[in-house]
Amino acid sequence: MDSDEHKRVLDPERDTAALKALTHPLRIQLLGLLRQHGPATASELAARTGESSASTSYHLRVLAKYAFIAEAEHRDGRERRWRALHTLTSWSNESMEATEAGRAFVGLARRRQIEHLERSLARYEADLAAGRLGQEWVEPSGITDLMPRLTAASLTELFDTVAGKLEELTARDADDPRAEHVVFVAAGLPLAAPEHAAHEHADRELEDHEAEDRYPVEPAPVEPAPDPDRETAGRDAEDLNP
């Protein structure tokens, strides 16, 4: 496990047990709630998720066992409060793809992010309709689904650029009272060409080769060396008649 103050980096070989622990949907939800809203007790999280306190308490202990969360300062001695140890979880897609546990975790994590987007859209629309968000948020808010043609290197550069700019803006707005939590989801999912398109491309190449076999291309005629006087006259004529 490689981590810093803000990021937990998972390795599929060294963190196999942690990955399996985090594939439970409720644990992902609990970790997300602690990151978004700050420290909470099992009872508070049970109220938010609709689960029992016994269930949230058990899953919180599992998250603590694998160092995703830790005990926070208690308001009193009656019930534990939990806090997230990092603001985000990160990993290498290439490393994750190499193990079954890694593939399972990444697949589940991505689908949970899509579910989070759906819930966030519903909440945004409700907040706007109820007047809990000001009109200044109407114009910049939205979802886009562009489909540019990019290389793998360009897609990597795009993600790096977005991450760098987001970090810059987050730091700039940290103490601005006008700032709100913004759900920002970015996806870059390459799609292979449809199978029929690949076949059509192969068929066209085959047709081109067959045409060359049936109608061989004649060699270009060899032109005699230009006469110096004619070449000069030709250039002069072009100058006079553009």
Side-chain angles (χ1 to χ4, degrees), residues 1-12 14-92 96 101-102 104-124 126-127 132-133 162-163 166-167 169-171 173-177 179-187:
M1 177 189 73
D2 297 322
S3 302
D4 57 31
E5 183 181 354
H6 303 292
K7 179 168 62 176
R8 169 78 180 269
V9 182
L10 295 175
D11 182 281
R14 290 178 293 175
D15 299 321
T16 303
L19 283 173
K20 290 181 179 179
L22 204 56
T23 54
H24 193 287
L26 180 57
R27 291 173 198 155
I28 294 179
Q29 185 179 7
L30 293 173
L31 181 57
L33 288 171
L34 290 175
R35 286 175 172 175
Q36 183 177 358
H37 301 292
T41 66
S43 297
E44 292 167 345
L45 292 169
R48 289 176 179 171
T49 59
E51 299 286 334
S52 68
S53 296
S55 177
T56 55
S57 179
Y58 167 75
H59 290 296
L60 287 167
R61 290 197 300 273
V62 174
L63 289 172
K65 177 180 178 181
Y66 295 105
F68 290 104
I69 66 174
E71 286 192 51
E73 294 183 5
H74 301 300
R75 293 175 181 171
D76 52 49
R78 292 180 298 176
E79 190 173 10
R80 290 179 176 177
R81 295 185 66 77
W82 299 95
R83 63 181 178 88
L85 287 174
H86 309 92
T87 57
L88 61 88
T89 303
S90 181
W91 58 83
S92 162
M96 288 293 188
F105 168 75
V106 172
L108 176 62
R110 288 172 175 168
R111 281 157 181 79
R112 294 297 294 179
Q113 287 170 324
I114 293 172
E115 293 170 6
H116 183 211
L117 176 60
E118 291 178 342
R119 293 194 303 270
S120 299
L121 174 59
R123 178 176 169 182
Y124 161 76
D127 286 345
R132 291 187 290 269
L133 285 174
V162 170
L166 184 58
E167 184 176 355
L169 296 176
T170 301
D173 295 348
D175 298 322
D176 193 323
E180 300 280 5
H181 274 112
V182 175
V183 175
F184 182 81
V185 179

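All values below come from the heavy atoms of this structure, side chains included, with hydrogens, waters and symmetry mates left out. Every value quoted in this text rests on a predicted model; they were computed, and no experiment measured them.
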*Check the pair Val183 / His116 against side chain to side chain contact (heavy atoms under 4.5 Å, CB included), numbers first and verdict last.*
CA-CA 9 Å; Val183 175; His116 183 211; 4.2 Å; yes

_Any side-chain heavy-atom pair of Tyr124 and Leu133 under 4.5 Å_ = yes

*How far apart are the closest heavy atoms of Val162 and Phe184, and which atoms are they?*
CG1-CE2, 3.8 Å

*asked:* If you compare all heavy atoms of Arg35 against all heavy atoms of Thr89, which two are closest, and at what distance to 0.1 Å?
replied: NH2-OG1, 2.8 Å

_In the structure I gave you, are the side-chain heavy atoms of Leu30 and Glu51 within less than 4.5 Å of one another anywhere?_
no

*More than 12 heavy atoms of other residues, nucleotides or ligands under 6.0 Å from CD of Glu167: is that the case?*
no

_Using every non-hydrogen atom in the two residues, find where Ala42 and Ser53 come nearest and quote the distance to one decimal._
CB-O, 4.0 Å

*Is there a donor-acceptor pair under 3.5 Å between the side chain of Arg48 and the backbone N or O of Ser43?*
no

*Rounded to the nearest 0.5 Å, what's the gap from CD on Gln36 to CG on Leu31? Could you check?*
11.5 Å

*Contact check, side chains of Leu117 and Gln113, non-hydrogen atoms, under 4.5 Å*: no

*Between atom CD1 of Ile28 and atom NE2 of His59, what is the distance when rounded to the nearest 0.5 Å?*
12.0 Å

*Could you tell me whether the side chain of Leu88 reaches within less than 4.5 Å of the side chain of His6, counting heavy atoms only?*
no

*Do Pro12 and Leu19 have side-chain heavy atoms sitting under 4.5 Å apart?*
yes

*So do Pro25 and Arg112 actually touch side chain to side chain, heavy atoms under 4.5 Å?*
yes

*In terms of heavy-atom contacts, does CG of Asp176 have more than 12 from other residues, nucleotides or ligands at under 6.0 Å?*
yes

*Between Ala84 and Ile69, what is the shortest heavy-atom contact and its length?*
CA-CG2, 4.1 Å

*Short side-chain to backbone donor-acceptor contact, Thr23 and Lys20, under 3.5 Å*: yes

*Hey, does Leu22 have a side-chain heavy atom less than 4.5 Å from the side chain of Tyr66?*
no

*What are the two closest non-hydrogen atoms of Ala67 and His86, and how far apart are they?*
O-CE1, 4.0 Å

*Taking Asp11 for the side chain and Arg14 for the main chain, is one N or O donor matched with an acceptor at less than 3.5 Å?*
yes

*asked:* Does the plane of the ring in Trp91 sit parallel, tilted or perpendicular to the ring in Phe105? Use 30° and 60° as the thresholds.
replied: perpendicular

*For Trp82 and Ala64, which heavy atoms make the closest approach, and how far apart are they?*
CZ3-CB, 3.5 Å

_Can a donor-acceptor pair be found, under 3.5 Å and without considering hydrogens, that links the side chain of Arg27 to the backbone of Leu63?_
no

*Got a salt bridge between Arg81 and Glu44, using NZ or NE/NH1/NH2 to carboxylate O under 4.0 Å?*
yes

*Taking everything shown except Arg123 itself, do over 12 heavy atoms lie less than 6.0 Å from its CZ?*
no

*Do Thr49 and Gln29 have side-chain N/O donor and acceptor atoms under 3.5 Å apart?*
no

*Taking His24 for its side chain and Leu26 for its backbone only, find out whether a donor-acceptor pair lies under 3.5 Å.*
yes

*Is it true that the side chains of Arg61 and Thr56 contain a donor and an acceptor less than 3.5 Å apart?*
no

*Which value, rounded to the nearest 0.5 Å, describes the distance between Ser92 atom OG and Leu10 atom CG?*
11.5 Å

